[in-house]
Amino acid sequence: MKYRQCGRSGILLPEISLGLWHNFGDYDNFSEARRMILCAFDNGVCHFDLANNYGPLPGAAETNFGRVLRSSLRTHRDELFISSKAGHDMWPGVYGTGSSRKNLIASCDASLRRTGLDYFDVFYSHRYDGFTPVEETMQALIDIVRSGKALYAGISKYPAERQAEAYDILREAKVPCLLSQYRASIFDTTAIEENFAAASAAGSGIICFSPLAQGLLTDKYLHGIPANSRAAKSTGFLQLSQVTAAKVDAARSLNEIAAARGQSLSEMALAWLLADRRVTSVIIGASSVSQLLVNLKAVECRPFTSDELERINTIAASAIHTDTQNQKK
């Protein structure tokens, strides 16, 4: 595994981190989840990304991760970097969601109980909810850090104007934002264009989630929609309507470039993000140990040529433009 400095901090993170958004809940195979966590650790992945609502059921991923910690990684806590977040729907009632001080403080306490940890390495505001003053949310993060419940603060998915405000408040309190988490991939460059520069200028590390576009940047959908895939399910974060002809055609073309580089499409998609030196780490999900091991190979790839990058960007931009035009019809 290769490691990168996280912004202007003294923290090094693995170029690939393991996220527990999917496949670590109560309805998933706990034995396989445990094997994936231990396999990741054995291969140098020391950063595990959680959130209080990851499941299903909400909270289950933290509880199951805690089980693995207690049974297999208890003596390795100082070798691990563990993050969690709060801000999305978690429990019934008006206080079980959003970016208020009440929600963040209560959520952090509950997440620590579920994982069995004394502290998180970084605790994030999972989102800007659209109405809570940013200073209220940031003060909650500042107090979480100062109380010892987390070592660092982070923000996730903040729009550009709120992102800058958050950095200023945290910096003034001498609790600078360690990590800024954004969705980014070959098929989704919005954050790269709108948020990366500000994060880098503020000295925040950048960590990307959904780098494989929920599976669109793998070989899974190149020849149809498998029965057990995310897109085949009526619920979930990748809907059938998102597996467009333009994206599938683009994935096939991108797959040809990857093959010429001696890579799988998923390896190349991860390497494409890591080619941006502002990126500290990319968060991958996995449903099996074999899938995890394939994606970890992305750190071993050779650099991209300017021609390869131009072709990748042109293919992706064309697919995005086609989908945008079709949505307007």
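All residue numbers in this chain count up from 1 along the given sequence. Just so you know, these numbers use all the heavy atoms, side chains as well, and skip hydrogens, waters and symmetry mates.
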Which atom of Leu104 lies closest to which atom of Phe123, heavy atoms considered: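 Closest approach of Leu104 to Phe123, heavy atoms only: O-CE2, 4.1 Å.
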Of all the heavy-atom pairs spanning Cys177 and Gly154, show the shortest one and how long it is.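 It is SG-CA, 4.0 Å.
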Working to the nearest 0.5 Å, report the span between [atom1] of [X] and [atom2] of [Y].
X: Tyr95; Y: Ser107; atom1: OH; atom2: OG; answer: 14.0 Å
X: Lys149; Y: Ser84; atom1: NZ; atom2: OG; answer: 13.5 Å
X: Asp249; Y: Leu254; atom1: CG; atom2: CG; answer: 11.0 Å
X: Tyr54; Y: Phe65; atom1: OH; atom2: CZ; answer: 13.0 Å
X: Cys46; Y: His76; atom1: SG; atom2: NE2; answer: 13.0 Å

Test side-chain contact (heavy atoms from CB on, under 4.5 Å) on Glu256 and Arg252 and set out the steps. CA-CA 7 Å; Glu256 292 176 3; Arg252 289 173 181 152; 5.6 Å; no
Aromatic plane relationship, Trp21 with Phe209 - under 30° parallel, 30 to 60° tilted, over 60° perpendicular: perpendicular
Residue pair Phe120, Ile82: steps toward the side-chain contact (heavy atoms from CB on, under 4.5 Å) verdict: CA-CA 6 Å; Phe120 288 110; Ile82 303 168; 4.2 Å; yes
Is a salt bridge present between [X] and [Y], judged by a nitrogen-to-oxygen distance below 4.0 Å?
X: Arg77; Y: Asp121; answer: yes
X: Arg311; Y: Glu308; answer: no
X: Arg101; Y: Asp143; answer: yes

What residues, two or more places apart in sequence or in another chain, satisfy salt bridge (Lys or Arg N to Asp or Glu O under 4.0 Å) together with Arg8?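 In terms of salt bridge (Lys or Arg N to Asp or Glu O under 4.0 Å), with neighbours along the sequence ignored, Arg8 is linked to no residue.
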According to salt bridge (Lys or Arg N to Asp or Glu O under 4.0 Å), who are the partners of Lys247, at least two apart in sequence or on a separate chain? Asp323
Test side chain to side chain donor-acceptor pair (under 3.5 Å) applied to Ser287 and His22, step by step: CA-CA 8 Å; Ser287 58; His22 304 291; over 6 Å; no
Criterion side-chain contact (heavy atoms from CB on, under 4.5 Å) on Asn43 and Ile16, from CA distance to verdict: CA-CA 10 Å; Asn43 282 275; Ile16 295 179; over 6 Å; no
Minimum side-chain heavy-atom gap His126-Lys157 below 4.5 Å: yes
Does anything in residues 269-325 pair up under ring pair (Phe, Tyr, Trp, His ring centres under 6.0 Å), and if so which pairs, sequence neighbours excluded?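 Found none.
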Could you please spell out the steps behind the side-chain contact (heavy atoms from CB on, under 4.5 Å) verdict for Leu80 and Phe48? CA-CA 8 Å; Leu80 299 170; Phe48 296 89; 3.7 Å; yes
In sequence, state the C-alpha distance, the side-chain angles, and the governing distance for Ser210 and Gln214, and then conclude on side chain to side chain donor-acceptor pair (under 3.5 Å). CA-CA 6 Å; Ser210 293; Gln214 295 294 314; 3.0 Å; yes
